[in-house]
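A short worksheet on the structure shown next.
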Amino acid sequence: MDRLEAAALEARQRARAPFSGFRVGAALEEEDGRIFAGCNVESASYGLTMCAERVAAFRAVAEGGRRFVRIVIAADSRTLTPPCGACRQVLWELCGNVEIILMNLQGARESMRLSTLLPRPFDAKFLD
Ligand code: THU
């Protein structure tokens, strides 16, 4: 297991998921090698819940990360858990066509580019 995968699994253990019980960890790698991890954080309002991927991405930006290479998403599901639609949009805008690695606790992995999950994305290009 590489450092990024280990960081995603470790972050998953810090998930605050009292409502769904579904714990997710994400770890985003900067071009310079730094790793920014996040976990899902649920709200009793449900709607204010934040996914692990967006926690990792926003944290990365807040800590000065700018160019990202890979993100690992770790969850305890037999079928590997892909990022939700909102996270795909945010990842596209902050990370571009980043490599996405899905993994579970049994060690299954699958890797793809974000453009596979979010074809024909909307982004700042359209606002020119
Ligand atoms: N969740 C994530 O953190 N990432 C995903 O890719 C899918 C869903 C969280 C949100 C919520 O806390 C819980 O998983 C159930 O949807």
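Computed over heavy atoms, backbone and side chain alike; hydrogens, waters and symmetry mates excluded. Numbering of ligands and ligand atoms starts at 1, following listing order. Computed from a prediction, not measured in an experiment: that's the story for all the values here.
Both Leu102 and Val98 are assigned to one and the same hydrophobic cluster, defined by single-linkage of ILVMFWY side chains at heavy-atom distances under 4.5 Å. By the criterion of side-chain heavy atoms lying less than 4.5 angstrom apart, applied directly or through intervening Ile, Leu, Val, Met, Phe, Trp or Tyr residues, Leu114 is grouped together with Val24 in one hydrophobic cluster.
Between Leu4 and Arg70, the closest side-chain pair of non-hydrogen atoms falls below 4.5 Å.
What you find for Gly38 and Ala11 is that their closest heavy atoms are O-CB, 3.4 Å.
In the vicinity of Glu53, heavy-atom distances shorter than 4.0 Å reach the ligand 1 atoms 2 (C), 3 (O), 4 (N), 5 (C), 6 (O). Applying the 4.0 Å criterion to heavy atoms of Asn40 picks out, from ligand 1, the atoms 3 (O), 9 (C), 11 (C), 12 (O), 13 (C), 14 (O). Of all atoms in ligand 1, listed by their number and element, those nearer than 4.0 Å to a heavy atom of Glu42 are 11 (C), 12 (O), 13 (C). Proximity to Pro83 (heavy-atom distance under 4.0 Å) selects the following atoms of ligand 1: 6 (O). Near Ser20, the atoms of ligand 1 lying under 4.0 angstrom from a non-hydrogen atom of the residue are 13 (C), 15 (C).
Contact analysis leaves Ala15 out of contact with ligand 1, as no non-hydrogen atom separation drops below 4.0 angstrom. Taking 4.0 Å as the cut-off, Ile73 does not count as a neighbour of ligand 1 on heavy-atom distance.
In this pair, Phe68 and Phe36 present their aromatic rings perpendicular. The plane angle is above 60°, beyond the 30 to 60° band.
Scanning all protein heavy atoms for the shortest distance to atom 3 (O) of ligand 1 gives Ala52 N, 2.9 Å. When only non-hydrogen protein atoms are considered, atom 8 (C) of ligand 1 lies nearest to Cys51 SG, 4.2 Å. At the top of the distance list for atom 7 (C) of ligand 1, counting protein heavy atoms only, stands Thr81 CG2, 4.1 Å. Distance from atom 14 (O) of ligand 1 to its nearest protein heavy atom, with residue and atom name: Phe22 CD2, 3.4 Å.
For atom 16 (O) of ligand 1, the protein comes within 4.0 Å by no heavy atom at all.
At distances below 3.5 Å, at least one donor-acceptor pair connects side-chain atoms of Glu30 with backbone N or O atoms of Arg67.
Each of Asp2, Val72, Ile71 was compared with Ile101 under the side-chain contact (heavy atoms from CB on, under 4.5 Å) criterion, and only Val72 meets it.
Electrostatic pairing of Glu5 and Arg109 counts as a salt bridge here, judged by a charged N lying under 4.0 Å from a carboxylate O.
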- Message: Between Arg16 and Glu42, does the salt bridge (Lys or Arg N to Asp or Glu O under 4.0 Å) criterion hold? Intermediate values first, please.
- Response: CA-CA 6 Å; Arg16 181 183 189 275; Glu42 296 187 346; over 6 Å; no
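Residue Cys87 does not touch ligand 1, judged by heavy-atom distances below 4.0 Å.
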